[in-house]
Protein chains: 2
Amino acid sequence: MLMPRKPAYDRDALIAKAKDIFWRQGWAGTSLKDLERELKLKPGSFYAAFGSKDALYALTMESYTREGVARLKALAEKLGPKGALKAQPRFVIEAVENPTKACMLAKTYAELQAKDHDLADQAARHMTEMKACFAELFRSAQKAGEIRSEHDPDRLAARYQSDILGLRLSAERKDVDADEIAADIAADIDRL
Amino acid sequence: MLMPRKPAYDRDALIAKAKDIFWRQGWAGTSLKDLERELKLKPGSFYAAFGSKDALYALTMESYTREGVARLKALAEKLGPKGALKAQPRFVIEAVENPTKACMLAKTYAELQAKDHDLADQAARHMTEMKACFAELFRSAQKAGEIRSEHDPDRLAARYQSDILGLRLSAERKDVDADEIAADIAADIDRL
DNA sequence: TATATACTTGAGCGATCGTTCAATAAACTC
DNA sequence: GAGTTTATTGAACGATCGCTCAAGTATATA
């Protein structure tokens with residue numbers, strides 16, 4: 001048997017690069033020309049590597065979610081569940097490596113839900129997964145006695161995620177002091 | 001002087017109709033074919049009436065904001081400033097006449113900000129205007145003694161608007177009970 | 001009724017969309 | 001090196017994008 005030629009590109013690096021572009025510009029706002037230029041791939045190579053624009057978009061959302069979950073768990077490892085929940089708001093809007101402040105999943109869902117696009121469903125599932133992570137942290141914090149047990153952790157998680165989505169969108173505005181909002185969200189955790 | 005023929009359409013009604021389409025589908029997600037079909041206008045009439053897709057989009061955002069401000073002020077007239085702030089969350093997610101729950105201005109800003117599109121700036125200005133309305137209500141509530149005066153009304157308004165944006169986006173999800181979030185936001189007002 | 005004016009119509013413009021594919025170049029085994 | 005397999009290239013496809021404009025139609029005044 002003969003061994004084939006190896007691709008010249010690093011697939012994971014290309015997904016990471018594409019994620020930044022999609023995250024910033026959205027689905028319709030990113031053309032194949034954009035991707036070809038930034039990823040330095042001609043059409044043939046692009047389609048051999050990823051199959052379609054939508055398939056690559058799905059890969060970038062998976063990567064986005066995986067990293068988000070990992071970061072949250074690392075934060076909980078270091079600061080405990082309540083500490084992680086209090087730190088997360090400030091963290092998400094201060095990450096300078098992000099191409100934009102708003103949540104990629106929320107942007108995707110908002111853009112494509114009306115079209116009943118598959119990517120909207122996938123974004124929704126990823127958001128559900130993130131919400132479950134938040135709920136798990138609230139449950140842990142309750143077990144640790146850091147949050148009163150009279151609260152429903154799933155309800156807390158839904159409200160918390162909603163607040164974070166609003167915060168991240170607000171953080172893109174020039175007339176809003178997102179640090180203040182983040183501080184207020186964190187302060188709310190202390191009152192639970 | 002001779003008098004011309006009158007248009008067969010109601011311009012304001014067309015703007016209202018276009019607003020629903022843009023609100024639901026977004027800027028890139030709405031094609032001129034969509035508008036021609038829904039507004040029952042051929043290209044020539046469309047461009048004679050509105051000039052361009054973007055010009056019509058701007059008109060719909062103006063109408064959207066004008067109606068939002070009017071509704072809020074009507075609510076304040078009836079329920080007082082604090083009552084309006086408490087009622088607004090439930091109100092925005094329960095309005096069945098809306099084509100979608102999420103805020104049109106936020107959707108527009110999120111979609112077009114990366115492109116430095118003029119419509120993103122206009123959306124941002126309209127959001128600033130809404131925020132000023134909220135701040136005015138918080139100030140009134142403080143004057144009426146319904147909210148403690150130690151709070152900064154502008155900061156309260158920014159947080160409140162952020163929460164509403166998150167709520168309205170969350171309300172489009174099937175796995176989230178938006179009524180609970182709305183109730184929790186309203187409950188926060190009582191603790192100020 | 002004649003005429004001027006504006007509205008309506010729809011074919012079609014150039015540009016760009018996501019995608020395909022045949023031709024060429026490169027890297028592997030034998 | 002010969003032979004085979006895959007990666008790379010870039011022209012070009014059909015569809016759709018926002019938009020233009022000349023031709024036809026309807027309504028007003030005179």
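For clarity, every value in this text was computed on a predicted model and none was experimentally measured. Quick note on labels: first sequence line is chain A, next is B, and so on, each numbered from 1.
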For atom NZ of B:K40 and atom C1' of C:dG10, their distance in whole Å: 18 Å

Interatomic distance, B:L35 CG vs D:dT16 P [rounded to whole Å]: 16 Å

Length of the line joining A:R11:CZ and D:dT6:P, which is rounded to integer Å: 17 Å

Spacing of A:Y9 atom OH relative to D:dT9 atom C1', expressed in whole Å: 13 Å

Atom-pair distance (CD1 on A:I21; C1' on C:dG18), nearest Å: 16 Å

A:Y57 and A:T108 side chains, donor-acceptor separation under 3.5 Å: yes

Aromatic centroids of A:F134 and A:F138 separated by under 6.0 Å: no

Value in whole Å for how far the P atom of D:dT8 lies from CZ of A:F50: 11 Å

A:E67 and A:K19 ion-paired at < 4.0 Å: yes

Matching residue for A:R159 among B:D184, B:D188, B:D177 - test: side-chain hydrogen bond (donor to acceptor under 3.5 Å, both in side chains): B:D188

Cation-pi check, B:K107 onto B:W27 ring (under 6.0 Å, within 45° of axis): no

A:K42 side chain near D:dG10 phosphate (N/O to OP1/OP2, under 4.0 Å): yes

Per-nucleotide protein contact string for nucleotides 17-22 of chain D (B base, S sugar-phosphate only, - none; heavy atom under 4.0 Å): SSBBB-

Salt-bridge criterion met for A:E36 and A:K33 (N-O under 4.0 Å): no

